[in-house]
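Heads up, the thing below is written out as structure tokens.
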Amino acid sequence: MKKLMLGNEAVARGAYEAGVRVASSYPGTPSTEITEFIAKYDDIYSEWAPNEKVAVEVASGAAIAGGRALSAMKHVGLNVAADPLFTMSYIGINAGLVLCVADDPGMHSSQNEQDSRNYAVAAKLPMLEPADSGECRDFVKKAYEISEQFDTPVLLRLTTRVAHSQSEVELFPREEMPVKPYEKNAPKNVMIPAFARPKHVTVEKRMQALATYNEASELNQMIRGDAKIGFIAAGIAYQYAKEAFPEASFLKLGMIHPLPEQLIREFVGSVDVCYVIEELDPVLERQIKAMGLEVHGKDKLPLIGEYSVALLRERLTGTTKAPVFAAEENIPVRPPVMCPGCSHRGVFYVLNKMKLAVSGDIGCYSLGTAQPLDSIDSIICMGASISGLHGMEKARGREFAGKSVAVLGDSTFLHSGITGLIDIVYNKGNSTVIILDNSITGMTGHQDNPATGFTIKGEPTRQVDLKKLCQAVGVDRVTVADPFDVDNFEKILREELAAEEPSVIIAQRPCALLKKAGYTGCCTITADCKNCKLCMRLGCPAISLTETGPVIDDTLCNGCGLCMKVCKFGAIVSQ
């Protein structure tokens, strides 16, 4: 049986067919759907972990205990998981362990454009890179074979275009893998220095064995064509190059670390000129040039952003070989905005009004930096809003603490914000933290988290009480407030900023896209409007400005009523 599948769905199918028993992940675009599709298979225990470090540790524990395991994350999530990643390279596995990482060239939904292939080199781990959905399924199954043959975790790298594109996948039944025997083995599994030193030797020998294995691996394909020009590529870069230069010769790599040196030497020697096609860093090019081989790559192609068929043709031949169409008029850009009724909008309206310094974080609420809300001063990484604000206060003093806040979502707080809050309390900080509790992990597509009270399968579970949690780490001043009651929210915020101790405000209102938000109808602006344009400062997509004043688009408005709270003249009413 064959089926069209997203790359991420095919990864999940591969895990199912390979007999995976445990999958633990944290959502992050473009990797999220891998675990969402895995959750549809009842034969696999699946979960959303609080963060990627925990997820990899759960999967590692499952593999050590004898069950095949998987963890999936986006590229910046691999940073969070780097600690267990590097040590599991030394420990190895008992049953197979595959760690899926999805890079985001072009930064469609990410704060940086890092290349996760560098982690494979640094952690001394094998890495596979599929080029389509069929290979996603095949490579996952092969990754488990390699993992168990060489006693190693295996990295599977995707990029946005492979993860979110569809192609044909052949389906096979699940292969039930019995749980392997578990034995106490401290020299293998306990990485104290005395045991870790000889394991490093083992890792280096393993990499040599993997390189030898890769020379004859079916994961790599040499495709003979015109010998005048050859391309070495993997993943989506291969697809671009193959479409741009269909008559050329190709060395399509499936295992991109460690590289098959003799195979590469043979291929480079068989063509007149050879190009290495890879998005982002010259990871392959650097290693191939270190072999003493003459190849072209980043001397012709960019280090930044996504590639395309047109880009390769233009950079390598000077022609696109395809018609270029231009719009008759300049098309306005359409930047992302917070949804109508977004529960975060009231908070940022108040923060902008009060002209506070705002240490921001990763989530839908990152859009609070855009005009007209224009509220966020800095965004670093998950959870850094709190610890970053603490550093700002310590650098600038108590007066700054009274004019600044940190904002982050409920899922982000549980991911990596708790430790920053502990740091503030322990080190006598005076910061005010706003937790934007919208009852869901919104930015990645509405996944549950420990604060929602439901598992990945929608089963009821114990719900983290954010107020009690903040109190438990030593914050005495914890207030729950409705961010749409803007006057009261501003009053509470002024009180907390004036306090001589740390405080937390939990801005609690469901995401507008959840059924429990309960929004109905729409709002309208009456003839009483004074054209003060205060409602325009909300940045709501449903409100626009015409020659006669603001108007509300009833096809966009969901009746949340925030604009009614902001209007000082009662000129906005509910229909």
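Residue numbers count from 1 along this sequence.
Residue Ile424 holds its CD1 atom at 10.5 Å from OG1 of Thr419, rounded to the nearest 0.5 Å. Here the CD-CD1 distance, from Glu129 to Ile256, works out to 4.5 Å after rounding to the nearest 0.5 Å. In this structure, CG on Leu210 lies 12.0 Å from CD on Glu215, to the nearest 0.5 angstrom. With values rounded to the nearest 0.5 angstrom, Ile418 atom CD1 is found 8.5 Å from Ile386 atom CD1. Taken to the nearest 0.5 Å, the CZ atom of Phe139 stands 8.5 Å off from the CG atom of Leu156. To the nearest 0.5 Å, the span separating CD1 on Ile434 from OH on Tyr365 amounts to 12.5 Å.
Surrounding CD of Glu247 are at most 12 heavy atoms belonging to other residues, nucleotides or ligands under 6.0 Å away. Taking a 6.0 Å sphere around NZ of Lys40, one finds it holds 12 or fewer heavy atoms contributed by other residues, nucleotides or ligands.
Between Tyr307 and Ile277 the shortest side-chain heavy-atom distance falls below 4.5 Å. At least one side-chain heavy atom of Val433 sits less than 4.5 Å from a side-chain heavy atom of Leu408. Ile236 places a side-chain heavy atom less than 4.5 Å from the side chain of Glu279. No side-chain heavy atom of Leu436 sits less than 4.5 Å from a side-chain heavy atom of Phe413. You'll find the side chain of Leu389 stays beyond 4.5 Å of the side chain of Glu393, heavy atoms only. Ile362 is not listed as a side-chain neighbour of Val76, based on a closest heavy-atom distance of 4.5 Å or more. Using a 4.5 Å cut-off on side-chain heavy atoms (C-beta onward), Asp104 and Pro30 make contact. Proximity of Thr29 to His164: side-chain heavy atoms (C-beta onward) are separated by under 4.5 Å at one or more points.
Between the side chain of His75 and the backbone N or O of Asn112, at least one donor-acceptor pair lies under 3.5 Å. Not one N or O on the side chain of Lys300 forms a donor-acceptor pair closer than 3.5 Å with the backbone of Leu312. Although no hydrogens or angles enter the test, the distance criterion places no donor-acceptor pair under 3.5 Å between the side chain of Ser217 and the main chain of Tyr213. The main-chain N or O of Val162 is never found under 3.5 Å from a side-chain atom of Ser165 such that the two would form a donor-acceptor pair. Using modelled atom types, one side-chain atom of Asn220 and one backbone atom of Gly254 make a donor-acceptor pair closer than 3.5 Å. A donor-acceptor pair is defined here as one N or O able to donate and one able to accept, closer than 3.5 Å; such a pair exists between the side chain of Asp103 and the backbone of Ser116. Under a 3.5 Å cut-off, the side chain of Asp377 and the backbone N or O of Ser359 do not form any donor-acceptor pair. Side chain of Ser416 to main chain of Met382: a donor-acceptor pair is present (N/O by atom type, distance under 3.5 Å, no hydrogens or angles). Judged purely by atom type and a 3.5 angstrom limit, Glu57 has no side-chain atom pairing as donor or acceptor with the backbone of Pro84.
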Practice problem: Just do the side chain to side chain contact (heavy atoms under 4.5 Å, CB included) check on Thr32 and Asn8 with the steps written out, would you? | Solution: CA-CA 8 Å; Thr32 305; Asn8 282 345; over 6 Å; no

Quiz item: Hey, mind stepping through Leu99 and Met88 against side chain to side chain contact (heavy atoms under 4.5 Å, CB included) and telling me if it holds?
Solution: CA-CA 11 Å; Leu99 307 176; Met88 284 304 294; over 6 Å; no

Practice problem: For the pair Phe37 and Met5, evaluate side chain to side chain contact (heavy atoms under 4.5 Å, CB included) and give the outcome as yes or no after the intermediate values. | Solution: CA-CA 11 Å; Phe37 279 113; Met5 284 185 168; over 6 Å; no

Practice problem: List the steps, then state whether side chain to side chain contact (heavy atoms under 4.5 Å, CB included) holds for Leu301 with Tyr275. | Solution: CA-CA 10 Å; Leu301 298 166; Tyr275 294 92; 5.9 Å; no

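Legend: residues meeting salt bridge (Lys or Arg N to Asp or Glu O under 4.0 Å) with Lys403, ordered by chain and number and at least two apart, are Glu399. Residues forming a salt bridge (Lys or Arg N to Asp or Glu O under 4.0 Å) with Glu33 (at least two apart in sequence, or on another chain): none. Considering only residues two or more places apart in sequence or on other chains, His415 meets the side-chain hydrogen bond (donor to acceptor under 3.5 Å, both in side chains) condition with Glu52. The side-chain hydrogen bond (donor to acceptor under 3.5 Å, both in side chains) test applied to Asp272 returns no partner, not counting sequence neighbours. When the salt bridge (Lys or Arg N to Asp or Glu O under 4.0 Å) test is applied to Glu36, no partner is found at least two apart in sequence or on another chain. Partners of Arg396 by salt bridge (Lys or Arg N to Asp or Glu O under 4.0 Å), not counting sequence neighbours: none found. Residues passing the side-chain hydrogen bond (donor to acceptor under 3.5 Å, both in side chains) test with His390, sequence neighbours excluded: none. Among residues two or more places apart in sequence or in another chain, the side-chain hydrogen bond (donor to acceptor under 3.5 Å, both in side chains) test is passed with Tyr90 by His200.
By the 4.0 Å N-to-carboxylate-O rule, Glu135 lies close enough to Lys252 to be salt-bridged with it. A salt bridge links Glu261 and Arg265; the closest N-O separation between the charged side-chain nitrogens and carboxylate oxygens is under 4.0 Å. Using a 4.0 Å cut-off between a side-chain N of Lys or Arg and a carboxylate O of Asp or Glu, Arg537 and Asp374 do not qualify as a salt bridge. Contact check on Arg117 versus Asp281 returns no salt bridge, with no Lys/Arg side-chain nitrogen under 4.0 Å from an Asp/Glu carboxylate oxygen.
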Which donor-acceptor pairs under 3.5 Å do side chains of residues 223-235 form with protein atoms, sequence neighbours excluded?
residue: Arg224; atom: NH1; partner: Ser270; partner atom: OG; Å: 2.6
residue: Asp226; atom: OD1; partner: Lys228; partner atom: N; Å: 2.9

Donor-acceptor pairs under 3.5 Å, side chain of residues 140-147 to any protein atom, not counting sequence neighbours: which ones?
residue: Lys141; atom: NZ; partner: Glu17; partner atom: OE1; Å: 3.0
residue: Lys142; atom: NZ; partner: Glu145; partner atom: OE1; Å: 3.3
residue: Tyr144; atom: OH; partner: Ala69; partner atom: O; Å: 2.8
residue: Ser147; atom: OG; partner: Leu97; partner atom: N; Å: 3.0
residue: Ser147; atom: OG; partner: Thr152; partner atom: O; Å: 2.6

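Checking Asp132 against Ser167 by side-chain atom types alone, no donor-acceptor pair falls below 3.5 Å. Using modelled atom types and a 3.5 Å distance limit, the side chains of Thr441 and Asn449 yield a donor-acceptor pair. Residues Ser89 and Arg206 bring a donor and an acceptor atom of their side chains to less than 3.5 Å of each other. In the model, Ser375 has no side-chain atom that pairs as donor or acceptor with a side-chain atom of Asn352 under 3.5 Å.
Between Lys298 and Pro282 the shortest heavy-atom distance is CG-CB, 3.7 Å. Scanning both residues, Pro260 and Met255, for their nearest heavy atoms gives CD-O, 4.5 Å. Nearest approach of Ser385 to Ala406, heavy atoms of both residues: O-CB, 3.4 Å.
Pairs engaging residues 229-246 under the side chain to side chain donor-acceptor pair (under 3.5 Å) rule: none recorded [sequence neighbours left out]. Counting only residues at least two apart or in different chains, side chain to side chain donor-acceptor pair (under 3.5 Å) contacts with residues 286-297 comprise Glu285-Lys289, His296-Asp299.
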